[in-house]
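The figures that follow rest on heavy atoms only: side chains count, while hydrogens, waters and symmetry mates do not.
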Amino acid sequence: MVFGGRHAGRAVRIFWILLANLCLIATPAAFAQQGNGLAGRVPVLGVPEKLQDELKQIMREEPAPTTLFEARRQAERTATFVATFLESEGYYQADVQPVAEGVDTFTRAVTVTPGPLFTYASARIDYLDAQPDETTRTQLNTLLAPLDPGIPARAQPVIETGDALVARLRNAGYPDAKADPVDALADATTGEVELAFKLRPGLRASFGNLKISGLGVTQQAFIENLRPWKANETYTPAKMDEFRARLAETGLFNSAAVRFDDTAPPAEATGGPREVIVDLKERERRTIALGASASTSEGAGVDGQWQLRNLSGWGDSLTVSGQIATLQRRLGTTYRLPHLGKYGRILSIGAEIEDFETDAFDQSGVNINATLQEQLTPRLRASLGLEAGYASILDAQARTLGTGRRDVYIVSSAATAEYVGVRDILDPINGLRARLSVEPGLTYGDTNIAFGRISGEASVYSDFGTEGNFVGALRGKLGTIIGPNGAPPDRLFFAGGGGSVRGYEYQSISPRDSAGELVGGRSLFEMSAEVRYRASDTLGYVAFLDGGAAGSNTEPPLDTLSYGAGVGLRYYTAFGPLRADIAVPLNKKEGDADFQVYISIGQAF
């Protein structure tokens, strides 16, 4: 590199401070073709054409100079920056000169004679302590391909290769792997650079015993069962990261720090098992949560939840939840035992008392249930459930005829598969969610039938590369009931309302009898489209279109769909967005309100 008139005439040893090179290139920019004294970027003349666009993007703006000293200082600062940039692109003998002049007005510029473009001559790996195993050495050598002879000697590939070498060593079981600065020898006579990567692999290690601190109620065996590795399995960072994630997912700890034992083994050691240090801080075991919702179609409601975690020290929990709303009242309790027999298998046992009071039916009852859920992949889970209960039912037709309530006992099961490909279920931005459920059931008492209920729902989200500021969302839902009439009303399909087709009364776009009373449907089709715009950290806007209907037959009611459209406001909080929507019915019928308003927590879907 030549700067300020100093020339290199023989092979010199260059110590590349690669990270500093990149940091210097981190400001916005533009490029001019001649010297001037205007505010903006100092003009740079003579840079190779293929680099001009990149240089435009990284140069800084300067104010208009008011003195010759200031103009000279701006030119020198720019010259230093350009020299570093050219060196990072392989021009090690560039002559970069700052120019400044003027009396009443002052101009500044930088002139460049780039010189030859240096290329790589060779790249090798030098091991400064014990060499890794032969397989790993072979893998490491393949990572030198971006530095093959004849390729321009840019800084970025060297940085990336150095990082990749250390990462490959650690993934191969060398937790202490690190690298010394790259040794580079540039030959001015040939225009070539020889590289030597200096690696310190350390010793190969495997996972040993856990050394846990900070346990209170939690059993040590529970923590040990969360390990994603087998005894004496070779160390990898991915397994360590998975273990950290599993600890966080339990919800039992305020903090969970995991690290390999950093006690340096003796130089003559051959490696082997090393302890994994786990530092935990348990969180408060009891929590209380409260929520509320309101809409013009479904009324208002409040719900609450009390939870006691870690009852036995195995991550289990007892939850009591309740809801009081215009249309329904519920009180339930659930015992949840995670990781039953293996990681990701969850047993839930619950009981619930419920009371519905809607335009379509009144129903009071009690049930007990059990569900076994298994995490098949990080995003896919499946569950099997059983439920037995009693219900006292007064449907709309019975109200009209005055026939009174019917009492039924219900036994049902459910098989469910769910895919969750989004990060935040309250505010999804990118990804896919899907759910499929099959529920066979039997009723006996005043109604004796067998029925099967099948439903599927999916939604997809994309921010189109806007980092969550502009999100498009689509949702579809399909359902059908097979078997004779008489299924309990809470198993039938209804459409209309905040969780269905906005703009219509709750359940209002569902089948009716000859007297105009809602009777529920044997099929369902719903679809929604939303455009979400986040204007600031706390405020966002939404426009949406919903469509759907419940049908009397098992086939989806595609020919009787009703549509609603509207806009909404989102207020973003730490726990999720608060939602306020207003919607109008596009297929308004007699008795439909002009609009509906919905207020709740989380996005509509």
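A donor-acceptor pair under 3.5 Å is formed between the side chain of Thr250 and the backbone N or O of Leu252. Here the side chain of Glu87 pairs no donor or acceptor atom with the backbone of Ala83 at under 3.5 angstrom. Checked by atom type and distance alone, the side chain of Glu457 never pairs as donor or acceptor with a backbone atom of Arg435 at under 3.5 Å. The main-chain N or O of Leu215 is never found under 3.5 Å from a side-chain atom of Thr218 such that the two would form a donor-acceptor pair. A donor-acceptor pair under 3.5 Å links the side-chain atoms of Arg534 to the main chain of Asp537, judged by distance alone. A donor-acceptor pair is defined here as one N or O able to donate and one able to accept, closer than 3.5 Å; no such pair exists between the side chain of Arg433 and the backbone of Ala458. With hydrogens and angles ignored, the 3.5 Å screen pairs a side-chain donor or acceptor of Asn430 with a backbone N or O of Asp463. A distance-only check finds no donor-acceptor pair linking the side chain of Arg532 to the backbone of Val542 [under 3.5 Å]. Asn469 contributes a side-chain N or O that, together with a main-chain N or O of Thr466, makes up a donor-acceptor pair within less than 3.5 Å. Formation of a donor-acceptor pair under 3.5 Å by the Arg72 side chain with backbone atoms of Phe69 is not found in this model.
Of the inter-residue distances, the one linking Arg227 atom CZ with Glu233 atom CD reads 11.0 Å to the nearest 0.5 angstrom. Here the CD1-CD1 distance, from Ile223 to Ile212, works out to 5.5 Å after rounding to the nearest 0.5 Å. Put simply, CG on Asp53 and CD1 on Ile58 are 11.5 Å apart, with the number rounded to the nearest 0.5 Å. Interatomic distance, Glu54 CD to Lys56 NZ, rounded to the nearest 0.5 Å: 12.5 Å. Atoms CG and CZ, on Leu199 and Arg137 in that order, are 12.5 Å from each other to the nearest 0.5 Å. Note that CG of Asp180 is 8.5 Å distant from NZ of Lys198, once rounded to the nearest 0.5 Å.
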* Asked: Can you list the steps and then say if Asp95 with Gln97 is a side chain to side chain donor-acceptor pair (under 3.5 Å)?
  -> CA-CA 6 Å; Asp95 185 0; Gln97 298 290 341; 2.8 Å; yes
* **Steps toward side chain to side chain contact (heavy atoms under 4.5 Å, CB included) verdict (Leu226, Phe243)** => CA-CA 7 Å; Leu226 295 178; Phe243 185 42; 4.0 Å; yes
* To do: Verify side chain to side chain donor-acceptor pair (under 3.5 Å) between Thr236 and Asn171, making sure each step is shown before the conclusion.
  => CA-CA 5 Å; Thr236 63; Asn171 288 330; over 6 Å; no
* Check step by step if side chain to side chain contact (heavy atoms under 4.5 Å, CB included) holds for Phe197 and Leu165. => CA-CA 9 Å; Phe197 291 90; Leu165 291 171; 3.8 Å; yes
* Kindly indicate, with the supporting measurements, whether the criterion side chain to side chain contact (heavy atoms under 4.5 Å, CB included) is fulfilled by Thr78 and Val44. => CA-CA 8 Å; Thr78 302; Val44 180; 4.0 Å; yes
* To do: Start with the C-alpha gap between Ile151 and Thr119, add the side-chain angles, then the distance that decides, and say whether side chain to side chain contact (heavy atoms under 4.5 Å, CB included) holds.
  => CA-CA 5 Å; Ile151 295 177; Thr119 59; over 6 Å; no
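A donor-acceptor contact under 3.5 angstrom links the side chains of Asp279 and Ser213, judged on distance only. No side-chain donor-acceptor contact under 3.5 Å links Ser122 and Tyr120. Thr138 and Glu134 are not linked by any side-chain donor-acceptor pair at a separation below 3.5 angstrom, with hydrogens and angles left out of the test. Side-chain atoms of Arg309 and Thr287 form a donor-acceptor pair, as typed in the model, at a separation below 3.5 Å. Donor-acceptor pairing under 3.5 Å is recorded for the side chains of Arg108 and Gln74.
Under the 4.5 Å side-chain criterion, counting only non-hydrogen atoms from C-beta, Leu247 is in contact with Val278. A heavy-atom distance below 4.5 Å is not found between the side chains of Tyr91 and Val112. Within the 4.5 Å cutoff, the side chain of Glu160 has no heavy atoms near those of the Pro146 side chain. Counting only heavy atoms from C-beta outward, the side chains of Phe118 and Glu192 never approach each other to under 4.5 Å. Within the 4.5 Å cutoff, the side chain of Val158 has heavy atoms near those of the Leu147 side chain. Inter-residue side-chain proximity for Val422 and Tyr461 is flagged as met; some heavy-atom pair is nearer than 4.5 Å. Between Leu432 and Ser459 there is no side-chain heavy-atom pair separated by less than 4.5 Å. The shortest side-chain heavy-atom distance between Arg204 and Thr234 falls under the 4.5 Å cut-off.
Within 6.0 Å of the OH atom in Tyr571, the count of heavy atoms belonging to other residues, nucleotides or ligands does not exceed 12. For Leu539, the CG atom is densely surrounded, since the number of other residues' heavy atoms within 6.0 Å is greater than 12. Taking a 6.0 Å sphere around OH of Tyr533, one finds it holds 12 or fewer heavy atoms contributed by other residues, nucleotides or ligands.
Closest non-hydrogen pair, Ala256 versus Leu280, comes out as CB-CD2, 3.6 Å. Listed here is the closest heavy atom pair of Gly102 and Leu68: N-CD1, 4.1 Å. The minimum heavy-atom distance between Ala565 and Leu545, with the atom names listed, is CB-CD1, 4.1 Å. In plain terms, the two heavy atoms of Leu169 and Ala177 that are nearest each other are CB-CB, 3.6 Å. Of all heavy-atom pairs between Leu55 and Phe81, the closest is CD1-CE2, 4.0 Å. When all heavy atoms of Pro273 and Phe207 are compared, the closest pair comes out as CB-O, 4.4 Å.
The pair Asp581-Arg579 counts as a salt bridge, with a side-chain nitrogen and a carboxylate oxygen less than 4.0 angstrom apart. Using a 4.0 Å cut-off between charged nitrogen and carboxylate oxygen, Arg77 and Glu62 count as a salt-bridge pair. Under 4.0 Å is where a charged nitrogen must lie from a carboxylate oxygen, and between Asp126 and Arg124 at least one such pair does.
Trp229 and Tyr235 have their aromatic ring centers separated by at least 6.0 angstrom.
Cation-pi geometry between Arg502 and Phe544 is satisfied (NZ or CZ under 6.0 Å from the ring centre, within 45° of the ring normal).
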Identify every side-chain donor-acceptor pair in residues 598-605 under 3.5 Å, counting partners at least two apart or on other chains, and give the distances.
residue : atom : partner : partner atom : Å
Tyr598  : OH   : Gly503  : N            : 3.0
Tyr598  : OH   : Tyr504  : O            : 3.4
Gln603  : OE1  : Arg570  : NE           : 2.7
Gln603  : NE2  : Asp427  : OD1          : 3.1

